[in-house]
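A note on names: the letters A, B, ... follow the listed sequences, proteins ahead of strands, and every chain is numbered from 1.
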Amino acid sequence: MAEPQQLLSRRAPQVAPKLLGWTLSHTTEAGTVTVEITEVEAYAGAADPASHAYRGPSPRNEVMFGPAGFLYTYFTYGMHWCANVVTGPDGEASAVLLRAGRVIEGAELAWLRRGAKVAERSLARGPACLAQALALGKDQNGANLLGKGEVRLEPGRRIKPAAITAGPRVGISVAAETPWRFWLTDDPTVSTYKRSPRAPAL
DNA sequence: AGATAGATGGAT
DNA sequence: TCCATCTATCTG
């Protein structure tokens with residue numbers, strides 16, 4: 001296993017499948033929640049019309065243009081936060097959206113944040129649910145994931161390439177066929193695929 | 001200045 | 001299928 005920093009410095013489509021099985025932790029006053037990442041999507045910046053960074057830097061996406069290993073969070077649909085790991089060389093706005101994970105530490109705290117009714121496998125199923133379970137939001141944007149900070153990304157169990165499936169990304173209306181979504185095959189914590197209603201017909 | 005689409009999720 | 005409901009970005 002290469003150093004995390006080195007691995008993350010490649011472009012998103014290359015990094016994304018390798019993040020499966022890694023762990024993301026967030027420690028707050030309330031405690032620590034850790035998830036094992038089970039589903040991701042790659043966004044390739046300037047080369048990718050579906051990326052937030054496609055039209056260049058802005059106040060929202062500026063952290064994507066920085067070095068790899070930092071957290072990019074954004075607010076969407078008026079109510080949801082989503083979390084990305086910035087990848088690629090400094091200056092290139094490559095990022096991996098964390099779509100789903102399995103809570104392996106702090107499930108009780110995650111239930112507190114998500115609501116007591118949700119099934120265990122759904123605690124971090126879907127990008128906004130994952131962000132909510134981990135309490136990732138505005139304040140965590142730009143956090144260094146590779147240090148000793150409150151949010152940490154660490155290599156986890158090794159995933160066999162045969163256990164990974166690739167397919168089209170979810171919820172986007174452009175580049176809807178590009179197979180840059182990666183997940184652990186048959187994992188119950190992976191979100192169900194829904195094509196964007198705005199995506200062009202096949 | 002105003003419009004609108006959007007890397008969603010949950011209820012209906 | 002629709003709704004909640006905010007922000008970045010595009011259009012005029």
Exercise. If you measure from CD1 on I159(A) to CZ on F182(A), what distance do you get to the nearest 0.5 Å?
Worked result: 14.5 Å

Seminar exercise, completed: Rounded to whole Å, CH2 of W81(A) lies from P of dT8(B) at a distance of 15 Å

Problem set entry | dT5(C) - base-pair partner by Watson-Crick or wobble geometry, distances under 3.5 Å | none

Problem set entry | From CA spacing to verdict: salt bridge (charged side-chain N to carboxylate O under 4.0 Å, His left out), R169(A), D48(A) | CA-CA 12 Å; R169(A) 293 175 289 183; D48(A) 179 5; 2.7 Å; yes

For this session: Would you jot down, in residue-number order, the residues of residues 50-66 of chain A having a non-hydrogen atom under 4.0 Å from DNA chain C?
Result: R55(A), S58(A), R60(A)

For this session: Let me know the distance between CE of M79(A) and P of dA5(B), rounded to the nearest Å.
Result: 18 Å

Exercise. Which nucleotide sits closest to the side chain of Y72(A): dT8(B), dC6(C), dA7(B)?
Worked result: dA7(B)

Exercise. Is Y74(A) stacked on the base of dA7(B), with ring centres under 5.5 Å apart and planes under 30° apart?
Worked result: no

Exercise. Do F70(A) and Y72(A) have their ring centres less than 6.0 Å from each other?
Worked result: no

Problem set entry | dG2(B) versus dT5(C) - spacing of their P atoms, nearest Å | 22 Å

Exercise. For I37(A), which of T23(A), V85(A), L98(A) qualifies under side-chain contact (heavy atoms from CB on, under 4.5 Å)?
Worked result: L98(A)

Seminar exercise, completed: To the nearest angstrom, the CZ-C1' distance between F75(A) and dA4(C) comes to 10 Å

Seminar exercise, completed: The reported gap from CG in N144(A) to CG in L71(A) (rounded to nearest 0.5 angstrom) is 10.0 Å

Problem set entry | Interatomic distance where CG belongs to L98(A) and P belongs to dA7(B) [whole Å] | 16 Å

Seminar exercise, completed: N141(A) CG to dA7(B) P, in whole Å, measures 16 Å

Exercise. Between atom CH2 in W180(A) and atom P in dA7(B), what is the gap in whole Å?
Worked result: 15 Å

Exercise. What is the base-pairing partner of dA7(B), counting Watson-Crick and G-U wobble geometry with both distances under 3.5 Å?
Worked result: none

Seminar exercise, completed: Atom CG of L71(A) and atom P of dA7(B) are separated, to the nearest Å, by 18 Å

Problem set entry | Between S191(A) and E39(A), a side-chain donor and acceptor under 3.5 Å | yes

Problem set entry | Partner of T73(A) by side-chain contact (heavy atoms from CB on, under 4.5 Å), out of V151(A), N84(A), D139(A), N141(A) | N141(A)

Problem set entry | Whole angstrom value for the distance that separates P of dC3(C) from OH of Y77(A) | 15 Å

